[in-house]
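Read through the structure below, which is laid out as structure tokens, and then see the notes.
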Protein chains: 2
Amino acid sequence: MAATIKDVAREAGVAVCTVSFAVNGSAHVAEATKKRIFDAIEKLNYRPNQSARGLVTKKTNNIGLVVEDTVDGLENTILLDVVKGLGEATGDNNYDLLLSFQKPSTNKLADHLLDVYRKQSADGLILMGAAINQPYGELIKNRFPFVLLGRPAMPGVCHSVNADNEQGAYEAVKYLIGKGHRRIALITPCSLEVDASLDRYNGYRQAMEELGGGFDERLVEIGSFEEDSGYTETEKLLNGVERPTAIIAGRDVIASRVVEKAQELGYKVPEDLAVIGFDNTAVSQLARPSITSIELPMRQMGLEAAKLLMQLIDGEIRFDDIQTIVLPCTVIEREST
Amino acid sequence: MAATIKDVAREAGVAVCTVSFAVNGSAHVAEATKKRIFDAIEKLNYRPNQSARGLVTKKTNNIGLVVEDTVDGLENTILLDVVKGLGEATGDNNYDLLLSFQKPSTNKLADHLLDVYRKQSADGLILMGAAINQPYGELIKNRFPFVLLGRPAMPGVCHSVNADNEQGAYEAVKYLIGKGHRRIALITPCSLEVDASLDRYNGYRQAMEELGGGFDERLVEIGSFEEDSGYTETEKLLNGVERPTAIIAGRDVIASRVVEKAQELGYKVPEDLAVIGFDNTAVSQLARPSITSIELPMRQMGLEAAKLLMQLIDGEIRFDDIQTIVLPCTVIEREST
DNA sequence: CTGAAAGCGCTTACAG
DNA sequence: CTGAAAGCGCTTACAG
């Protein structure tokens with residue numbers, strides 16, 4: 001039904017390969033001939049069949065995006081920004097996005113990931129989420145281009161793009177110190193993606209040592225992924241000997257609970273207690289007072305990941321020349337500080 | 001580099017077509033032979049090359065998902081639920097999702113949409129968003145399977161899956177009446193997707209007439225997509241002659257502004273004023289008090305859309321046998337009512 | 001600058 | 001139940 005290259009060639013009165021040359025710019029074609037060809041293409045609404053083209057060029061022009069469906073729906077909002085960034089980068093380069101969004105429980109994720117590679121339905125892969133660990137081996141062995149996105153770098157092993165969580169936490173402390181705070185506490189979520197939490201903890205600690213006159217472990221509470229994580233930690237901190245004037249929470253949700261509990265205990269935010277969250281999700285915008293938060297540049301991360309992957313695919317960057325891109329976080333100021 | 005069907009045939013000591021038959025179950029193969037073949041496949045990590053297969057079968061096993069990037073980031077959360085639903089339906093059927101997420105401004109969307117069809121990179125299309133109108137013609141003329149998702153049905157023209165916004169609004173009124181309310185107001189957002197707002201308005205009106213003892217237009221305010229839409233409308237309603245005891249807002253964001261303004265004016269929620277939002281987004285969960293909201297079954301909509309599309313692709317449903325699937329909304333009860 | 005031909009990796013009648 | 005062969009729609013050396 002759909003027009004083929006043969007139809008175009010017949011319509012334009014040229015050989016099939018001439019059409020191919022004109023379409024791909026892979027050889028010079030006389031202007032007059034070109035015009036006839038493009039007129040025919042226009043008339044027939046011809047587009048090269050992707051399967052046929054892919055079969056001979058060994059390229060699909062697809063980028064596979066494999067995402068682990070996290071338990072926490074809220075964090076998924078972030079995914080959309082990433083997808084936008086990816087879209088920006090790929091759209092201009094005629095790449096399409098092959099999306100796989102699976103629960104981490106089954107090993108469907110790993111299976112699918114490998115399938116994309118084995119079936120050759122994409123030219124490269126972008127991997128998001130925490131627990132996809134096993135299948136890298138086959139990809140690496142066969143030098144199949146892939147980029148880890150939003151995960152701590154595995155130095156020397158995989159290409160990766162991530163936010164600088166350490167710097168983000170550092171900035172948070174710096175910002176609070178600029179506001180005159182000295183006793184700054186941290187509630188870190190005992191996250192599954194332990195690494196991001198660790199980076200944030202390290203950034204906090206370093207900033208406290210360098211700028212805050214020393215690190216005091218009594219100002220650190222370990223939260224959890226529990227529904228109401230944040231309440232008890234806040235109470236503990238506010239009733240402690242070293243009552244903090246500011247609390248940095250490892251996640252926006254926790255930050256909103258800090259605010260609630262503080263108000264409940266009679267403290268005013270931000271007057272008596274400043275609060276900063278992490279990730280700049282909807283929570284921080286919608287809370288009353290709205291909550292200052294550390295924004296991760298998800299969109300730019302998506303953009304950079306796609307760019308990197310395309311360079312890997314095109315051979316502009318060698319597979320073994322492992323790239324580790326780390327992008328800075330920003331303090332988004334709101335009412336809570 | 002990757003193993004081909006020839007390699008498998010050689011390894012198993014059979015003809016190429018026998019491998020194909022075994023893999024696809026398209027002809028009977030002796031058990032012993034099968035075993036040798038699958039052993040070889042396992043050993044070589046063989047998967048049929050999608051391009052080659054697609055070229056001959058005229059099937060890509062891809063479903064194209066074309067989404068218009070709305071201005072309102074919040075509403076995009078909904079998209080993820082849809083994607084999950086799609087994933088559920090397609091994952092089990094060996095379909096992949098080809099995602100295109102573009103701004104509505106350019107006509108990139110329409111171009112991309114047609115490209116997917118013309119390049120034959122997907123077997124069918126799911127379309128989300130408001131303003132994609134032009135390109136349906138070519139798809140329909142060529143009987144290319146596609147489903148409109150979350151958009152008002154175009155009866156007799158396109159297959160579609162949508163939420164029953166009318167019923168949702170009706171339920172909201174019914175629920176409030178059950179709580180003893182009589183003067184129930186509506187603030188409708190003057191949305192671009194005018195149709196959903198209209199449906200909600202109609203549902204509200206019908207319910208008021210049937211259950212609420214009559215429709216009173218003084219209880220209806222037309223909001224807007226402005227940043228702070230909701231404040232003035234609330235003030236107007238609460239200061240009016242027919243002061244309502246409950247307000248239904250056409251969007252959760254507006255509902256949250258209704259709550260704020262009401263509290264500011266000294267009314268207690270829900271004691272003095274009950275508030276219901278629409279869409280059950282993060283806003284309604286995070287507001288204090290949390291806001292009762294009408295949930296659209298986005299995940300199920302995605303599921304149904306994918307199922308429908310696959311049936312269309314497989315020819316189980318004829319292209320001309322236009323399907324219009326409408327799924328009911330649910331009241332999610334929270335603190336505001 | 002353009003044409004005839006081979007081949008990419010599959011599937012599918014067609015024989016046997 | 002299995003094999004040899006044609007063909008899907010492209011691209012790409014190879015001639016001319």
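Both backbone and side-chain heavy atoms feed into the values below; hydrogens, waters and symmetry mates do not. Everything numeric in this text was worked out from a predicted model, so none of it was measured.
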Intra- and inter-strand pairing of DNA chain C, written as dot-bracket with Watson-Crick and G-U pairs under 3.5 Å and | for the latter, reads |||.||||||||.|||
Nearest-Å distance for atom pair [atom1]/[atom2], residues [X] and [N]:
X        : N      : atom1 : atom2 : answer
A:Lys119 : C:dC10 : NZ    : C1'   : 15 Å
B:Asn49  : C:dC8  : CG    : P     : 12 Å
A:Ile41  : D:dG9  : CD1   : P     : 16 Å
B:Ile37  : C:dT11 : CD1   : P     : 12 Å
B:Arg47  : C:dC10 : CZ    : C1'   : 16 Å
A:Ile5   : D:dT11 : CD1   : C1'   : 8 Å
B:Lys6   : D:dA5  : NZ    : P     : 13 Å
A:Gln50  : D:dT11 : CD    : C1'   : 13 Å

If I take atom [atom1] from residue [X] and atom [atom2] from residue [Y], how far apart are they, to the nearest 0.5 angstrom?
X       : Y        : atom1 : atom2 : value
B:Leu80 : B:Lys84  : CG    : NZ    : 7.0 Å
B:Leu44 : A:Arg118 : CG    : CZ    : 11.0 Å
B:Glu68 : B:Leu127 : CD    : CG    : 10.0 Å

Minimum-distance nucleotide (side-chain atoms of B:Ala30 versus D:dC10, D:dT2, C:dG9):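 Selected nucleotide (nearest to the side chain): D:dT2.
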Please list, in numerical order, the residues of residues 53-63 of chain B that have a heavy atom closer than 4.0 Å to any atom of DNA chain D.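 Of all residues in residues 53-63 of chain B, the ones placing a heavy atom under 4.0 Å from DNA chain D are B:Leu55, B:Val56, B:Lys58.
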Is it true that B:Asp96 and A:His112 share a donor-acceptor pair across their side chains at a distance under 3.5 Å?
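Distance-only check passes for A:His112 and B:Asp96.
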Worksheet item: Aromatic rings B:Phe319 and B:Phe146: how do their planes relate, parallel, tilted or perpendicular, breaks at 30° and 60°?
Response: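 Rings of B:Phe319 and B:Phe146: tilted, as their planes differ by 30° to 60°.
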### Message
Does B:Ser51 reach a base, just sugar-phosphate, or nothing at all? Heavy atoms under 4.0 Å.
### Response
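Nothing, no nucleic acid heavy atom in range.
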*asked:* Heavy atoms within less than 4.0 Å of DNA chain C: which residues of residues 12-29 of chain B have one? Give them sorted by number.
replied: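 By residue number: B:Val16, B:Cys17, B:Ser20, B:Phe21, B:Asn24.
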**Request:** State whether B:Lys58 and B:Asp123 are salt-bridged, where the test is any N-O pair (Lys NZ or Arg NE/NH1/NH2 against Asp/Glu carboxylate O) under 4.0 Å.
**Result:**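 The answer is no: the pair does not qualify as a salt bridge.
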